[in-house]
Amino acid sequence: MAEDTGYESVICVKPEVHVYRIPPRATNRGYRAADWKLDEPAWSGRLRITSKGKMAFIKLEDKISGELFAQAPVEQYPGSVVEAVTDSSRYFVVRIEDGNGRHAFIGLGFADRGDSFDFNVALQDHFKWVRQESELAKQEADQSAAPKLDLGFKEGQTIKINIGNIKKKDAPGAAKSRPMGSGLLPPPPGAKGGGLLPPPGAQQPAAPAQPNAAATLLDFGSPTPAPAPAPAPAQPSLDLWGDFTTASSSSNKGTVNSGWVQF
């Protein structure tokens with residue numbers, strides 16, 4: 001990361017802050033806002049925090065004209081430039097500089113507790129980003145200083161790759177090989193062995209005429225009178241009515257009773 005890119009960005013703006021004159025610190029226990037005259041601020045205006053490279057700048061400006069009242073360059077946070085008081089979270093002690101090597105400590109207070117929280121977080125986020133960028137730059141420098149591995153092939157060097165259990169696949173669209181043969185279809189089921197089917201459209205030879213027993217017996221083309229049936233064997237005739245003239249002659253054929261025959 002470049003130390004100074006020349007671009008200054010604004011990371012926090014608060015429309016109202018107060019500046020206090022603070023007495024010298026008598027002990028090392030820290031500053032207390034209760035020792036200041038909180039109801040009599042020395043100055044009130046707007047606060048802006050800007051960043052330029054790794055540096056952060058706390059700027060106190062007039063609300064209307066934007067004229068700079070004081071500025072505090074911050075190189076690290078937490079540090080000696082910005083220090084929180086021991087008895088409140090809304091007040092800080094800030095070290096300001098005039099650009100000529102002179103500096104002074106002032107008390108900085110916010111009317112709202114949320115504004116003081118944003119002020120604190122803005123400084124923390126900026127210097128967290130600075131540390132991350134410094135670590136990345138260090139890693140890149142270490143990698144560039146390390147000797148590079150030569151992974152290229154030397155002259156005459158070869159490499160052998162053994163690929164097993166891989167079946168060769170046919171190319172898409174390629175016709176599969178067929179066994180060589182006569183090009184004729186096999187005979188249909190039930191056909192006699194050795195017979196060949198004629199090609200489609202060819203005239204089939206007429207089958208030889210064979211005698212037909214049924215046609216010999218019955219010729220439907222020319223009607224022929226059917227032969228007369230053979231005469232049935234002779235049956236002894238039976239005179240059911242008998243002879244009404246003589247009753248004695250019907251003893252072997254039956255008895256006539258009122259015109260009916262009994263057997």
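Throughout, numbering of the chain's residues begins at 1 and tracks the sequence.
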Practice prompt. Would you kindly confirm whether V17 and Y20 end up in one hydrophobic cluster when ILVMFWY residues are joined by side chain heavy atoms under 4.5 Å apart?
Written response: no
Discussion item. Please tell me whether V93 and V82 are part of a single hydrophobic cluster in this structure, the criterion being side-chain heavy atoms less than 4.5 Å apart.
Written reply: no
Discussion item. Whether the side chain of H126 engages the backbone of K54 through a donor-acceptor N/O pair (distance < 3.5 Å, no angle test) should be reported.
Written reply: yes
Worksheet entry | Hphob cluster co-occupancy, Y77 + L60, side-chain heavy atoms under 4.5 angstrom | yes
Fill in: All side-chain hydrogen bond (donor to acceptor under 3.5 Å, both in side chains) counterparts of D112, not counting sequence neighbours
none
Item to complete: Might you point out which heavy atoms bring T50 and K59 nearest each other, and give the distance in Å?
Response: OG1-CE, 3.8 Å
Item to complete: Can you see which heavy atom on I64 is nearest to which on D62, and at what distance?
Response: N-OD2, 3.0 Å
Discussion item. Can you confirm if the aromatic rings of Y31 and Y91 lie within a centre distance of less than 6.0 Å?
Written reply: no
Worksheet item: Can you tell me how far CD1 of I22 sits from CZ of F105, rounded to the nearest 0.5 angstrom?
Response: 7.5 Å
Item to complete: Test salt bridge (charged side-chain N to carboxylate O under 4.0 Å, His left out) on K14 and D118 and set out the steps.
Response: CA-CA 9 Å; K14 293 302 173 183; D118 295 340; 2.7 Å; yes
Practice prompt. Would you kindly confirm whether V19 and V85 end up in one hydrophobic cluster when ILVMFWY residues are joined by side chain heavy atoms under 4.5 Å apart?
Written response: no
Worksheet item: Which pair of heavy atoms, one from A72 and one from V81, lies closest together, and at what distance?
Response: CB-CG1, 4.3 Å
Discussion item. Could you check whether any side-chain heavy atom of F119 comes within less than 4.5 Å of a side-chain heavy atom of D115, counting everything from C-beta outward?
Written reply: no
Response to the item:
Rounded to the nearest 0.5 Å, the CZ atom of F92 sits from the CD1 atom of I106 at a distance of 13.0 Å
Worksheet item: Can you check whether Y7 reaches K52 side chain to side chain, under 4.5 Å on heavy atoms?
Response: no
Worksheet item: Do you know which two heavy atoms are closest between V74 and F127, and how far apart they sit?
Response: O-CZ, 3.4 Å
Item to complete: Show your reasoning for whether salt bridge (charged side-chain N to carboxylate O under 4.0 Å, His left out) applies to R48 and E61.
Response: CA-CA 8 Å; R48 284 196 313 142; E61 302 171 342; 2.7 Å; yes
Practice prompt. Taking atom NZ of K128 as the centre, report whether more than 12 heavy atoms of other residues, nucleotides or ligands fall under 6.0 Å from it.
Written response: no
Worksheet item: With sequence neighbours left out, which residue pairs that include part of residues 86-101 fulfil the salt bridge (charged side-chain N to carboxylate O under 4.0 Å, His left out) condition?
Response: D98-R102
Worksheet item: Quick check: are there more than 12 heavy atoms from other residues, nucleotides or ligands sitting under 6.0 Å from CZ of F69?
Response: yes
Worksheet item: In Å, rounded to the nearest 0.5 Å, how long is the span from CD of E8 to CE of M55?
Response: 11.0 Å
Item to complete: Mind listing the closest non-hydrogen atom pair of A122 and I11 along with its distance?
Response: O-CD1, 3.9 Å
Worksheet item: Is there a chain of hydrophobic side chains (I, L, V, M, F, W, Y, each step under 4.5 Å between heavy atoms) that links W43 to L108?
Response: yes
Fill in: For the student: nearest non-hydrogen atoms of F110 and E16, plus distance
CD2-O, 4.4 Å
Worksheet item: Looking just at side-chain N and O atoms, do R113 and S89 make a donor-acceptor pair shorter than 3.5 Å?
Response: yes
Worksheet item: Hey, what do you get for CG (D125) to OG (S51), rounding to the nearest 0.5 Å?
Response: 11.5 Å
